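First up is the structure itself, then whatever we jot down about it.
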Amino acid sequence: MRKAIQFLGLFLLLEGVSGTIDHLLYQPFFGVVLNFFNRIVIPRIDFLAGYELFANLFLAVLGLVIAIAAERVRSPGSDQRPSPRP
């Protein structure tokens, strides 16, 4: 489950960075996949009009936070500490 959350965080990070590049210039690489948020989601949400760049940057930061949080969470079996040697 941890790897899936890390993958989601990485995907959101790439989606946000790609959307930022697409908003400022033009992003030809994986445009259908990596620019879905920028080209499909943002135009359909009225309160994001004029804030497209900030929405993409927020998505990138959110992805980074999710990836870091998933890395820091311990798996259920790893809570055991090694016993000290006598």
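Since the structure is predicted, the reported quantities are computational estimates derived from the model, not experimental observations.
- Glu15 places a side-chain N or O within donor-acceptor distance of the main-chain N or O of Phe36, the cut-off being under 3.5 Å.
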Distance-only donor-acceptor hits, side chain of residues 40-55, under 3.5 Å, sequence neighbours excluded:
unit_1	atom_1	unit_2	atom_2	d
Glu52	OE1	Gly50	N	3.4
Glu52	OE2	Gly50	N	3.2

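- The line from NZ of Lys3 to CD of Glu71 is 6.5 Å long, rounded to the nearest 0.5 Å.
- Hydrophobic clustering (ILVMFWY, side-chain heavy atoms < 4.5 Å, transitive): Phe37 and Ile21 are in distinct clusters.
- No option in Leu62, Ile68, Val61 other than Ile68 meets the side-chain contact (heavy atoms from CB on, under 4.5 Å) test with Leu64.
- Phe7 belongs to no hydrophobic cluster, as no Ile, Leu, Val, Met, Phe, Trp or Tyr side chain comes under 4.5 Å of its own.
- Under the side-chain hydrogen bond (donor to acceptor under 3.5 Å, both in side chains) criterion, no residue pair touches residues 57-66, with sequence neighbours excluded.
- Separation of atoms CZ (Arg39) and OG (Ser18) is listed at 8.0 Å; rounding is to 0.5 Å.
- Taking Asn38 as the reference, Asp22, Asn56 meet the side chain to side chain donor-acceptor pair (under 3.5 Å) condition, with sequence neighbours excluded.
- Here the side chains of Leu8 and Leu12 are in contact, with some heavy-atom distance below 4.5 Å.
- Under the side-chain contact (heavy atoms from CB on, under 4.5 Å) criterion, Ala67 pairs with no residue, sequence neighbours left out.
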